[in-house]
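Scope of the values below: all heavy atoms of this structure, side chains included, with no hydrogens, waters or symmetry mates. Just so it is clear: chains get the letters A, B, ... in the order the sequence lines come, proteins before strands, and each one is counted from 1.
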2 protein chains.
Amino acid sequence: MSLIGYYWLMSFDRDHVLHAAADLLTRKATATMEEVARAAGISRATLNRHFTGRDALVRALEELGIAKCEAALEAARLEEGAAAGAVRRLVREIQPCAGLLTFLYSENQLFEGEKQNAGWFRIDERLTGLFRRGQENGEFRIDLSATWLAEALYGLLAAGSWAVTEGRVARNDFTHMIAELLLGGATRRDGS
Amino acid sequence: MSLIGYYWLMSFDRDHVLHAAADLLTRKATATMEEVARAAGISRATLNRHFTGRDALVRALEELGIAKCEAALEAARLEEGAAAGAVRRLVREIQPCAGLLTFLYSENQLFEGEKQNAGWFRIDERLTGLFRRGQENGEFRIDLSATWLAEALYGLLAAGSWAVTEGRVARNDFTHMIAELLLGGATRRDGS
DNA sequence: TATCGATGAGTCATGCATGTCTCACTTGAG
DNA sequence: CTCAAGTGAGACATGCATGACTCATCGATA
């Protein structure tokens, strides 16, 4: 039987472990490897067999976060229709992994010296491109740079994710709160 | 000579140490006590004499952050004039301690189980009150809760502080970027 | 000048997370 | 049934940050 066959024999479910780790680390970024293992329902030995060290685990979570983020970018069809609509679709699609992104966002400062994953650069590019497109077709104001709008979206996702887990805002309002604030701001206007 | 007199004889400058620690920990949240001491220009022994343990240091930084934040709230004269103007004044006043606030904001999750400083509650109250005032006098939209607007301000301050240290936005644009996005959003309108 | 208090440098013990290892047990394939 | 692979539990050594301690030095006061 092939190695691939053996892979499916293992009770170790890499995807499940990664998601459990993401869930826990999102809430408690300083959780120990033992806590992560317990949250995933496996032993610390097994966790260490598949992720040699905390770094490897965080790197794997980074890959997962990038993959989910890029999937959300795809699903949101950023090039389609009005930029504002694309932003709303993006926020809705990205909501499930907002917690993970927030964790990785705060963890990234630890990797500052080292080279960081090129995936974030790709995501930045597409996101910034979306806002730039909105500026060029007259939808978005140009006194706020596209770079800043992308950074602001990250910040609002983090704040929204945090506010939801703290119970300060309802989970169902997540998309609306973030997208509408980013797009329309706090000031009252004709349509609101 | 009184004990107060002796205090001024010491070469230990508590305020200077706290600010140096804030500067360093804002950039590298995992800095060791030795790194903090070196950044403050004192020895690790002296640092430990005045702050028994990392907790005590973080608590002191929390007090400093709260004090600076409340000073900014005072200087911004939140009750005066239009709510939008008050928000702009607040962002401008709070800019110098945005980095410290971001650090404390991310550090707070470590204290989740324990009782947290009542100062943050007071600040939350005043901030939420400002947004509520704006909603009640018709300046701000009411479909975004005042609580969320306050949380969003925290998130934007963190994102802005991070973006500035990363060199993605100019320090001089900090106030404008944050205040205008929070107030007006990304969508273009008559006055922009 | 003599003294008291504070600092700096260094050392030591402790606690904790981490990574590796061994051994017994379970499970599925042959 | 037998065997191989993977897992769980535990033990073990390691590295590192931390906190407490000692001792020599410096500075200001009396």
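Side-chain proximity of B/Arg49 to the nucleotides D/dT18, C/dA9, C/dC21 is greatest for C/dA9. The listed nucleotides are D/dA20, D/dG8, C/dG8; the one nearest the side chain of A/Ser43 is D/dG8.
Between A/Arg126 and A/Glu74 a salt bridge is recorded (basic side-chain N to carboxylate O distance below 4.0 Å). Taking the charged nitrogens against the carboxylate oxygens, B/Arg59 and B/Glu62 do have a contact shorter than 4.0 Å, which makes a salt bridge. Using a 4.0 Å cut-off between a side-chain N of Lys or Arg and a carboxylate O of Asp or Glu, B/Glu35 and B/Lys28 qualify as a salt bridge.
The interatomic distance linking A/Leu47 (CG) with D/dG10 (P) rounds to 17 Å, in whole Å. Protein atom NE2 of B/His50 is 11 Å distant from nucleotide atom C1' of C/dG5, rounded to whole Å. A straight line from CD1 of A/Ile42 to C1' of D/dG6 spans 12 Å, rounded to a whole angstrom. Spacing between atom CG of B/Leu57 and atom C1' of D/dG19 amounts to 14 Å, rounded to whole angstrom units. One can place CG of A/Asn48 at 7 Å from P of C/dT20, the figure rounded to the nearest angstrom. Protein atom CG of A/Asp55 is 17 Å distant from nucleotide atom P of C/dA17, rounded to whole Å.
No hydrogens or angles were tested; on distance alone, nothing pairs the side chain of A/Arg44 with the base of D/dG10 as donor and acceptor under 3.5 Å.
Nearest heavy-atom pair across B/Ala20 and B/Ala40 is CB-CA, 3.7 Å.
Of the residues in residues 32-39 of chain B, those with a non-hydrogen atom less than 4.0 angstrom from any atom of DNA chain D are B/Thr32, B/Met33.
Side-chain atoms of B/Glu139 come within 3.5 Å of backbone atoms of B/Ala83 as a donor-acceptor pair (strictly under, hydrogens ignored).
Sorted by first then second residue, the salt bridge (Lys or Arg N to Asp or Glu O under 4.0 Å) pairs that include residues 145-157 of chain A, not counting sequence neighbours, are A/Glu151-B/Arg168.
Phosphate contact (OP1/OP2 of C/dA17, side-chain N/O of A/Arg54, threshold under 4.0 Å): absent.
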